[in-house]
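Worksheet: the structure to be examined is printed underneath.
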Amino acid sequence: MSKCAIILAGGKGTRMKSEKPKVMCEVLFEPMLYYVVSAVKEAGAEDVCVITGYEHQVVEDYLAKLDSRIVTALQSPQLGTGHAVMQARSFIEAHLNDDIIVLNGDGPLMDEATINRSFAYHKENNNAVTLLSAIVENPTGIGHIKRDENGTLLRIVEHQDATEEEKLIKESNAGVYWFKGDSLLYAIDHLTNDNVQHEYYLTDSVEILLNKGENAGAFVCENSEAILGANDRRQLCDLNTIMRRNINDALMLSGVDIPCTDGVMIGKDVKIGNGTQILPNTIIRGHVTIGENCVIGPNSYLQDSTVGNGVVLDNCKVLDSTIEDGVDCGPFVKVRAHSVLKKGVHIGNFVEVKNSVVGEGTKSAHLTYIGDSDVGADVNFGCGTVTCNYDGKKKWRCKIGNGAFIGCNTNLIAPVEVGDRAYIAAGSTIYEDIPADALSVARAYQHNKEGWVIEKKPYKEKK
């Protein structure tokens with residue numbers, strides 16, 4: 001026996017006012033569906049089936065990139081949650097001896113702990129179905145959990161079908177269920193649409209299985225936030241706030257220093273070492289690993305990159321790149337396109353590094369572009385240096401040897417190679433290779449015409 005999951009992801013989300021399917025609306029830069037898939041997999045679900053609907057191709061394409069092992073089933077038309085699960089019939093038949101969790105793809109706060117605790121309750125009580133519930137202050141619009149005087153679960157009553165007395169019940173159905181596989185198949189085969197909405201409710205499966213003589217129970221979530229979803233952009237903002245708080249709290253408890261969380265947004269897959277400080281208005285997303293004792297921020301953006309120990313990134317943007325130990329960057333630095341900054345590199349204000357390897361101890365203090373280049377160790381870039389890597393048709397690479405000195409306002413016309421310890425005079429445009437230990441001067445001869453300003457009067461008259 002194993003754990004499996006069915007995720008309902010067919011909704012349009014009209015109130016989101018988005019052309020995307022509802023589950024593709026993002027929380028901390030990832031679709032809500034991503035978090036649900038991650039949670040069930042972290043909880044040990046071996047097989048996952050996602051029920052698609054509105055703009056199903058968008059969801060299916062995303063899932064194919066996320067995990068090719070996930071299977072999908074299309075619900076069209078959409079006739080309720082029970083009808084959605086009916087579309088997974090072949091998946092259920094393949095898992096009759098397993099336990100299947102059914103949950104919504106727009107519930108990104110559902111977590112591994114809640115899934116596993118509810119599963120333990122499900123198994124301990126030998127339930128055919130276990131639903132997750134929470135106590136809410138405002139019972140309007142919820143699915144109400146109806147129990148007898150002994151607290152035994154009787155059924156779930158949808159709000160629109162409830163009596164006035166039932167509408168006062170504050171125990172809410174979370175829309176998450178554990179089923180024995182064979183019990184789920186029996187339940188969907190006996191669902192009807194005899195209700196106000198003329199839809200097939202998965203909630204009716206509780207009463208169906210109780211009438212069959214099987215056990216049913218309700219697990220009350222300790223973490224009521226885990227069941228929250230979003231129907232509009234305001235609620236989506238609330239989910240972002242909660243997710244951001246949860247991630248930041250977990251990082252701080254693990255030893256990361258976030259002295260002020262204003263504007264700090266860190267994704268679920270980010271890993272940060274002890275003693276690293278994250279300063280305000282810093283965004284870190286995707287698969288990012290940061291070492292120990294770094295200072296990241298303020299006003300920095302990192303995505304899909306690796307950062308070593310003791311690194312300073314002040315007002316930097318780092319994309320798809322590797323920053324090794326002891327590197328100091330900023331302010332106003334951009335590193336992108338699979339660049340590597342080796343140990344001890346210093347990159348100063350208004351410098352961009354693109355698709356380049358910059359060797360250990362190399363310095364570029366300001367106003368420089370290093371593109372498509374292989375730079376050695378201990379190179380000095382003067383202010384205003386540009387590697388001219390594009391000829392209008394093709395990108396070319398520069399190679400700069402160890403210990404080279406590049407004077408201010410130098411243009412390196414790629415492809416060109418600068419030898420070890422070569423010295424380039426300021427203002428040069430280099431279009432031929434420079435041997436090691438050579439001085440290269442490539443600038444026009446200076447000619448001064450005395451008295452020219454008095455004669456030509458090129459300036460406006462001052463009043």
Side-chain angles (χ1 to χ4, degrees), residues 6-39 50-63 72-85 87 102-111 131-144 156-162 167 169-170 172-177 193 195-203 221 223-246 265 268:
I6 296 174
I7 301 173
L8 309 185
K12 181 177 181 180
T14 303
R15 283 180 281 173
M16 287 288 184
K17 294 181 171 58
S18 171
E19 295 181 359
K20 301 187 291 189
K22 182 181 179 184
V23 296
M24 296 301 291
C25 292
E26 293 186 351
V27 171
L28 286 187
F29 318 111
E30 299 286 356
M32 289 191 284
L33 180 59
Y34 166 79
Y35 295 99
V36 182
V37 171
S38 296
V50 176
I51 310 302
T52 63
Y54 175 73
E55 291 290 339
H56 64 94
Q57 195 62 52
V58 173
V59 177
E60 290 163 8
D61 290 347
Y62 171 75
L63 290 171
T72 62
L74 177 63
Q75 182 193 19
S76 181
Q78 294 176 301
L79 302 174
T81 53
H83 181 256
V85 176
Q87 312 315 305
V102 180
L103 66 174
N104 296 312
D106 62 351
L109 300 179
M110 180 56 59
D111 60 338
L131 60 93
L132 276 65
S133 70
I135 307 302
V136 298
E137 287 303 313
N138 181 7
T140 303
I142 68 172
H144 304 272
I156 308 168
V157 184
E158 295 295 338
H159 191 77
Q160 59 267 33
D161 298 318
K167 288 179 180 179
I169 299 172
K170 291 188 175 182
S172 167
N173 174 32
V176 179
Y177 311 81
N193 63 349
N195 52 63
V196 173
Q197 300 293 323
H198 299 294
E199 292 185 347
Y200 297 90
Y201 295 152
L202 188 59
T203 51
C221 295
N223 175 17
S224 59
E225 290 179 343
I227 69 169
L228 294 178
N231 291 315
D232 55 38
R233 298 288 182 174
R234 181 182 56 80
Q235 292 177 343
L236 194 65
C237 178
D238 291 341
L239 296 185
N240 271 278
T241 299
I242 295 168
M243 182 76 77
R244 186 171 75 94
R245 180 204 68 201
N246 290 348
M265 302 177 72
K268 178 180 181 296

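Heavy-atom basis, side chains included; hydrogens, waters and symmetry copies ignored.
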Shortest non-hydrogen separation from [X] to [Y] and the atoms involved:
| X | Y | value |
| --- | --- | --- |
| Lys22 | Asn231 | NZ-OD1, 2.7 Å |
| Pro21 | Tyr54 | CG-O, 3.5 Å |
| Ala9 | Val59 | O-CG2, 4.5 Å |
| Asp161 | Tyr201 | OD2-CE1, 3.3 Å |

Would a 4.5 Å heavy-atom cut-off, applied to side chains only, mark [X] and [Y] as touching?
| X | Y | result |
| --- | --- | --- |
| Ile7 | Asn104 | no |
| Thr203 | Asn173 | yes |
| Ile156 | Tyr177 | yes |
| His198 | Leu79 | no |
| Ile6 | Ile51 | yes |
| Asp238 | Leu228 | no |
| His144 | Ser172 | no |

Test Lys12 against Ser18 for side-chain contact (heavy atoms from CB on, under 4.5 Å), laying out the working first.
CA-CA 8 Å; Lys12 181 177 181 180; Ser18 171; over 6 Å; no

Will you find, in the side chains of Asp61 and Gln57, an N or O donor that is under 3.5 Å from an N or O acceptor?
yes

Are Gln75 and Thr52 linked by a side-chain donor-acceptor pair shorter than 3.5 Å?
no

In Å and rounded to the nearest 0.5 Å, what is the CG to CG distance from Asp232 to Leu236?
8.5 Å

Rounded to the nearest 0.5 Å, how far apart are NZ of Lys17 and SG of Cys25?
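Here the interatomic distance stands at 12.0 Å.
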
